[in-house]
2 protein chains.
Amino acid sequence: MPAQPSAPGSRPTLEAVAARAGVSRATASRVVNGGEGVRAHVVDKVRVAIRELGYVPNQAARTLVTRRTGAVAVIIAEPEVRIFSDPFFSRQVRGISKELTAHDTQLVLLLVEDRGDYDRIERYLAGGHVDGALAFSLHTDDPLPAITRRIGMPTVYGGRPGWTGGPGEPGGVSYVDADNRGGAREAVRHLLERGRRRIAHIAGPLDQTSATDRLDGYRDVLRESDPALIAEGDFTSAGGARAMAELLERAPGLDAVFAANDLMATGALRVLRERGLGVPADVSLVGFDDTEQVAEAADPPLTTVRQDIEGMGRLMAGLLLRTLARGRTATAGGAPPESVITPTTLVRRASS
Amino acid sequence: MPAQPSAPGSRPTLEAVAARAGVSRATASRVVNGGEGVRAHVVDKVRVAIRELGYVPNQAARTLVTRRTGAVAVIIAEPEVRIFSDPFFSRQVRGISKELTAHDTQLVLLLVEDRGDYDRIERYLAGGHVDGALAFSLHTDDPLPAITRRIGMPTVYGGRPGWTGGPGEPGGVSYVDADNRGGAREAVRHLLERGRRRIAHIAGPLDQTSATDRLDGYRDVLRESDPALIAEGDFTSAGGARAMAELLERAPGLDAVFAANDLMATGALRVLRERGLGVPADVSLVGFDDTEQVAEAADPPLTTVRQDIEGMGRLMAGLLLRTLARGRTATAGGAPPESVITPTTLVRRASS
DNA sequence: CGGGAGCGTGAGAGCGCTCCCGGTGGTTTT
DNA sequence: AAAACCACCGGGAGCGCTCTCACGCTCCCG
């Protein structure tokens, strides 16, 4: 129903809106940006002109002068295999998307394929295409933190970075993480309550804090645990299967397994079944993440530690947006880092 | 190791580069954009200045004058459940990302949560934030095509849209799709070769062409198929299970099932196992997609129709980029639609 | 009734870049 | 030898917007 733009080919400008409303460009701009300090009557006139012309602000022109883009980068640097198998990222991205959308901010997705890509990422971030960045699941030697720090890009990490609390200073970064350690403790305690005594652990890759934190939680409860009861996986189903096979060889008497994520738990499950071991009759099994279509769909359904992944995504985005808003009003000295640990809950199903 | 920018707070401009290299801004611009028609000696001088200053072009300023953003929107409008359970999107996005990155184009992700979001999408697309769009898996009543057409946004669809070949004209859209029909034919023929005669089909949601095309392929081979042998699912594991239960009730004598995707096949598998039916002893099972961690990890591993999902993503991006490049050089009359159908291959595993 | 206070508005500069156009110097043509 | 032609480079306009500043108007107080 709205009328066609003034010029057939090109979009109407603020100038055109101002002309039609009989005001200056400055006033039209004020209306577009909230209408503060403009008489209601004038605001209406401009609003009508905007509607009639189908005016949409030119973001490039706006960015050029404000130096803000209204966009945020989401950087995912994870080997191919995991990004596809684990719904984790999709859910977190979804949470991020929701929060950003609610604040009229766009999501620019940067996938890192190999280490050479970091040059591209740096150029992109330095190019002023985005106001801030969200990054995930860093390994200890990830070059990203150095990059974002060098170019002064506000960044919030998903998952506690391995290099916080570096030598001397606490490495001022913001992050959002689940209570991995607490969740792991709860999982292991649950197995103890079930009467299990030889509780093994399939850890994730130990260059990630989510893996080490869960391992730490396991050790918190089982202080004197036999090292033979711990095997390292890689957060994939196949890796979980390999680790399970290893564990069965080293510690045939185990009566429970706590896997650091659900995918590895399914791999373990497959191996246990192949060896004729009943779950939970012979071996109790607990996973981590409560990923749908994995934990629930397993046979038997997995007891697991749930974390609110989508909520974590929202929190990440919210934290970043707040940082950006502050940087805009306050002195540009950079906001202090701020982090959030979200709680986990144990979901009891048939596998334990 | 590059030097710091001239001004401490702000980034160096092309002006600064030109001054340092002792040339005009215009010449510096030429070098930045390829260096055509500039003497090699001058090119070098400018390149050195760029490096020394750590110059990065300001995209906003560039976009303002060129009217091109160097970014492409990827629009995913799919109910939550599927986007998480099916690695399909992740893979396709990955393919898209690779192709875009290779052409220095950014990927802006737009997730559609509910129908109200389409206003936001339209505003965004109309706002000139991106040069083109890639969209997926449209349902027949999807408002997106109308939007992109109205605002003249070059768009390539993933999966044949349901509304091509509308009344009268062929609805000029570009798309990339797998040979769903041919793949389905191959799957069913394979089951026939295995000596199966009562071959059932679990279809996807019939408002999507990927589902109807596969159903058509099934019917191509089994012209006289009993309607009781066809059940509609929703591309999820749970939906596959429901459909399988339905089929077993309606047609207890079935000896094979062709499911329209792997996820539904796993649901079917679970139901078959629960009913004590052996796969493939009693019932042969074939899926579609060959999604890793699903087809291969199933027990038994699924025979399935493989499509090159990542390749399709690359093709989509490539098609769009070529369209955009053409629109830039040729008359702005809009390039003719162009579509690609990619082949499928049958992967034989233990389930059939 | 004069003069500040204060609100609402307009004029204008300028963000950093691209690109057209015109000029310069050197090489080829008639 | 002059004329025509290149290849290369610089000047300058302008993309659409925001934001500062100054100006005019109304209002209120002394």
Side-chain angles (χ1 to χ4, degrees), chain A residues 5-7 9-47 49-50 53-70 126-129 131 328-329, chain B residues 5-7 9-47 49-50 53-71 104 126-129 131 328-329:
Chain A
S6 49
S10 85
R11 286 161 35 207
T13 72
L14 193 57
E15 189 81 50
V17 171
R20 186 174 187 106
V23 299
S24 74
R25 201 175 56 244
T27 298
S29 174
R30 281 189 268 264
V31 172
V32 170
N33 295 294
E36 293 290 300
V38 180
R39 277 178 308 184
H41 155 252
V42 177
V43 169
D44 284 346
K45 268 201 308 187
V46 175
R47 291 245 165 90
I50 288 174
L53 294 174
Y55 170 76
V56 183
N58 181 317
Q59 181 63 32
R62 193 177 258 178
T63 295
L64 184 57
V65 42
T66 60
R67 280 133 199 301
R68 288 185 294 108
T69 62
H129 295 72
D131 301 330
R328 219 171 297 143
T329 56
Chain B
S6 49
S10 85
R11 287 160 36 207
T13 72
L14 194 56
E15 188 81 51
V17 171
R20 186 174 188 105
V23 299
S24 74
R25 201 175 57 244
T27 298
S29 174
R30 285 187 194 102
V31 172
V32 170
N33 296 294
E36 292 292 299
V38 180
R39 275 178 307 185
H41 154 252
V42 177
V43 170
D44 284 347
K45 268 200 308 185
V46 175
R47 291 246 166 89
I50 287 174
L53 293 175
Y55 171 76
V56 183
N58 181 316
Q59 181 64 31
R62 194 177 256 178
T63 295
L64 185 57
V65 41
T66 61
R67 276 133 200 302
R68 287 186 295 108
T69 63
D104 253 326
H129 296 74
D131 301 330
R328 219 171 298 144
T329 56

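Hydrogens, waters and symmetry mates play no part in the numbers below; they use all other heavy atoms, side chains included. Quick note on labels: first sequence line is chain A, next is B, and so on, each numbered from 1.
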Under 4.0 Å between a side-chain N/O of Thr66(A) and OP1 or OP2 of dT18(D), yes or no? no
Looking at Ser24(A), I'd like to know whether one of its side-chain N or O atoms comes within less than 4.0 Å of OP1 or OP2 on dG10(C). yes
Is there a side-chain polar atom (N or O) of Arg39(A) under 4.0 Å from OP1 or OP2 of dG8(C)? no
Tell me which nucleotide among dT18(C), dG16(D), dT18(D) gets nearest to the side chain of Asn33(B). dT18(C)
Hey, does Val42(A) reach any base, or is it just sugar-phosphate, or nothing, if we go heavy atoms under 4.0 Å? sugar-phosphate
Could you tell me whether the phosphate oxygens of dG10(C), OP1 or OP2, come under 4.0 Å of any side-chain nitrogen or oxygen in Thr27(A)? yes
Looking only at heavy atoms, which two atoms of Val23(B) and Ala28(B) are closest? And how far apart? CG2-N, 4.2 Å
Of the listed dC9(D), dT9(C), dT18(C), the closest approach to the Val38(B) side chain comes from dC9(D)
Phosphate contact (dG10(C) OP1 or OP2) by Arg30(A) side-chain N/O below 4.0 Å: no
Figure out the CD/C1' separation between Gln59(A) and dC17(D), and round it to whole Å. 10 Å
Side chain of Ala26(B) only, heavy atoms from C-beta on: which candidate in dG11(D), dC17(C), dC9(D) is closest? dG11(D)
Does Asn58(A) put a side-chain nitrogen or oxygen below 4.0 Å from OP1 or OP2 of dC15(D)? no
Whole Å only: how far is the CZ atom of Arg62(A) from the C1' atom of dC15(D)? 16 Å
Nucleotide opposite dG16(D) in a Watson-Crick or G-U pair, distances under 3.5 Å: dC15(C)
Quick check: on DNA chain C, is the nucleotide nearest Val65(B) upstream (toward 5') of the one nearest Ala61(A), or the reverse? Name the residue that is more 5'. Ala61(A)
Which heavy atom in Val32(B) sits nearest to a heavy atom in Pro57(B), and how many Å separate them? CG1-CG, 4.1 Å
Compare every heavy atom of Thr69(A) with every heavy atom of Asp131(A), then report the nearest pair and how far apart it is. OD1-N, 2.8 Å
Which heavy-atom pair separates Ala60(B) from Thr63(A) by the least distance, and what is that distance? CB-CG2, 3.6 Å
Would you say Glu36(A)'s side chain and Arg30(A)'s backbone share a donor-acceptor pair under 3.5 angstrom? no
From the list dG16(D), dC17(D), dC17(C), which nucleotide is the closest neighbour of the side chain of Leu64(A)? dG16(D)
In the structure shown, which nucleotide is the Watson-Crick or G-U wobble counterpart of dG30(D), with both distances under 3.5 Å? dC1(C)
